[in-house]
A.B. asks: 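Below: one structure in structure tokens.
All values below were derived from every heavy atom in this structure, side-chain atoms included, with hydrogens, water molecules and symmetry-related copies excluded. Just follow the structure's listing: the first ligand is 1, and inside any ligand the first atom is 1.
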Amino acid sequence: MADILYEGKAKIIYPTPDPAIVLAVFKDDATAFNAQKRGTIPGKGTVNATVSAKLFLLLERSGVPTHYIDQPAANQLLFRRLKMIPLEVVVRNIVAGSLVKRTGLASGTVLGEAIVEFYYKNDALGDPLLNDEHILKVLATVDALQLAELRRSAMQVNAILSAFYHECGIRLVDFKLEYGYDGAGQLQLGDELSPDNCRLWTLKEDRILDKDRFRFDMGEVEGAYQEVLARVVAKAGP
Ligand code: TMP
Ligand code: ASP
């Protein structure tokens with residue numbers, strides 16, 4: 001294959017003959033805690049590419065612009081090339097993970113309304129939490145209108161994906177999004193939408209079906225990813 005444009009922890013991005021389009025090859029490699037923990041989840045690349053493709057299509061149909069174009073192979077997706085905003089946009093419906101540490105609230109506490117958080121996408125700093133002042137006045141990552149648009153879009157994505165996952169018998173606890181601008185300057189949802197960057201608990205029994213199984217050595221990691229794929233494909237269609 002052609003030279004690599006970029007290699008991340010979970011994906012390799014290749015150029016294509018069209019400079020506006022890139023090919024993402026999803027890896028089975030898994031990392032956690034800023035890559036301090038490493039491993040492999042067999043089949044993860046295919047699960048994450050396929051689940052992402054289904055969810056990007058669902059969002060597009062609901063009016064959310066995304067970078068998704070096509071799935072040319074099981075673990076590969078074609079994306080529009082974006083200039084990425086260096087923010088991780090996290091939406092939370094239920095208290096879990098770092099929000100437990102930050103607030104002392106019990107994991108599983110349902111939030112009255114969903115919240116949006118922004119983290120600085122910077123591995124060297126460990127992706128720290130940012131407030132609006134940091135984003136607007138210190139880093140000048142985006143302006144106030146763009147920040148408002150990110151919040152609005154993230155809440156819209158949450159409404160669409162929460163309703164879809166509910167139909168799959170899954171609670172969408174929280175998730176991370178990344179956005180970028182296309183060549184025409186339009187904001188688009190980028191990256192991936194997979195069990196690597198969501199928390200997914202079954203409606204019955206609160207069974208964990210996401211990367212927390214890998215992060216915290218809970219076992220049955222591969223089975224959980226395959227279960228998400230099966231449930232998503234059963235609802236979204238092949
Ligand atoms: P957190 O509770 O650890 O802050 O994670 C919130 C959500 O963001 C959760 O769904 C997992 C996801 N996430 C990522 O996708 N990448 C990351 O590097 C981290 C820390 C979290
Ligand atoms: N993806 C991040 C890493 O590899 C963190 C995580 O998902 O827990 O470090």
A.B. asks: Look at atom 18 (O) of ligand 1 and say which protein heavy atom is nearest, naming residue and atom and giving the distance to 0.1 Å.
C.D. replies: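 I find the closest protein heavy atom is E88 OE1, 4.0 Å.
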A.B. asks: Counting only non-hydrogen atoms of the protein, does one fall under 4.0 Å from atom 14 (C) of ligand 1?
C.D. replies: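 Yes.
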A.B. asks: List the residues meeting ring pair (Phe, Tyr, Trp, His ring centres under 6.0 Å) with Y181, not counting sequence neighbours, and say none if there are none.
C.D. replies: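 Per chain and number, Y181 pairs via ring pair (Phe, Tyr, Trp, His ring centres under 6.0 Å) with no residue.
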A.B. asks: Minimum distance, heavy atoms only, to atom 4 (O) of ligand 1: which one of S98, G126, S107 is it?
C.D. replies: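 The residue whose heavy atom sits nearest atom 4 (O) of ligand 1 is S98.
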A.B. asks: Compare K176, R92, E178, R199 and give the one whose heavy atom is closest to atom 3 (O) of ligand 1.
C.D. replies: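 When every heavy atom of K176, R92, E178, R199 is considered, R199 comes closest to atom 3 (O) of ligand 1.
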A.B. asks: Within a distance under 4.0 Å of any heavy atom of C198, pick out the atoms of ligand 1 and give their elements.
C.D. replies: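 By the 4.0 Å cutoff, the relevant atoms are 10 (O).
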A.B. asks: Find the distance between CZ (F56) and CD (E192) and round it off to the nearest 0.5 Å.
C.D. replies: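 Answer for the CZ-CD pair, F56 versus E192, is 8.0 Å.
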A.B. asks: For ligand 2, give me the residues whose heavy-atom distance to it is below 4.0 Å, by chain and number please.
C.D. replies: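 Its neighbours under 4.0 Å (heavy atoms only) are K9, T31, A32, F33, N34, A35, K211, R215, given by chain and number.
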A.B. asks: For F214, is the NZ or CZ atom of K37 found under 6.0 angstrom from the centre of its six-membered ring and inside 45 degrees of the ring axis?
C.D. replies: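 Yes, K37 lies over the aromatic ring of F214.
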A.B. asks: Which value, rounded to the nearest 0.5 Å, describes the distance between N197 atom CG and E88 atom CD?
C.D. replies: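 That separation rounds to 9.0 Å.
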A.B. asks: How is the hydrophobic cluster of L129 composed, in terms of its other members, when Ile, Leu, Val, Met, Phe, Trp and Tyr link through side-chain heavy atoms under 4.5 Å apart, directly or indirectly?
C.D. replies: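 Direct or chained contacts put L129 with V90, Y119.
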A.B. asks: Less than 4.0 angstrom from a charged side-chain N to a carboxylate O is my criterion; do D191 and K11 meet it?
C.D. replies: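 Yes, D191 and K11 are salt-bridged.
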A.B. asks: Measure the NZ-CD1 distance between K27 and I41 for me, rounded to the nearest 0.5 Å.
C.D. replies: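 Output value for this atom pair is 13.0 Å.
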A.B. asks: Check ligand 1 against F175 and write out every atom of the ligand that is under 4.0 Å from a heavy-atom position of the residue.
C.D. replies: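 Near F175, the atoms of ligand 1 are 10 (O).
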A.B. asks: Within the structure, does at least one protein heavy atom fall under 4.0 Å of atom 20 (C) of ligand 1?
C.D. replies: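 Protein heavy atom within 4.0 Å of atom 20 (C) of ligand 1: absent.
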A.B. asks: Going by the atom numbers of ligand 1, which of them fall below 4.0 Å from some non-hydrogen atom of G97?
C.D. replies: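 Those atoms are 2 (O).
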A.B. asks: Is it true that D132 and R151 have a side-chain N and a carboxylate O under 4.0 angstrom from each other?
C.D. replies: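 Answer for the salt bridge query: yes.
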A.B. asks: With ILVMFWY side chains joined below 4.5 Å, transitively, what does M84's cluster contain besides itself?
C.D. replies: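 Cluster partners of M84: L82.
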A.B. asks: Quick one: does ligand 1 sit under 4.0 Å from the side chain of R215, the backbone, both or neither, non-hydrogen atoms only?
C.D. replies: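 The answer is the side chain of R215.
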A.B. asks: For atom 10 (O) of ligand 1, grab the closest protein heavy atom and report residue, atom and distance to one decimal in Å.
C.D. replies: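 So the nearest neighbour among protein heavy atoms is D174 OD1, 2.6 Å.
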A.B. asks: Where does K211 meet ligand 1, judged by heavy-atom distances below 4.0 Å: at the side chain, the backbone, both, or neither?
C.D. replies: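 It is neither part, as no heavy atom is under 4.0 Å.
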A.B. asks: May I ask you to check whether S52 and Y68 show a side-chain donor-acceptor distance below 3.5 Å?
C.D. replies: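 There is no such pair (donor and acceptor under 3.5 Å, judged by atom type) between the side chains of S52 and Y68.
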A.B. asks: Could you give me the CA-CA distance, side-chain angles and deciding distance for K44 and D196, then say whether salt bridge (Lys or Arg N to Asp or Glu O under 4.0 Å) is met?
C.D. replies: CA-CA 9 Å; K44 177 169 87 78; D196 268 14; 2.6 Å; yes
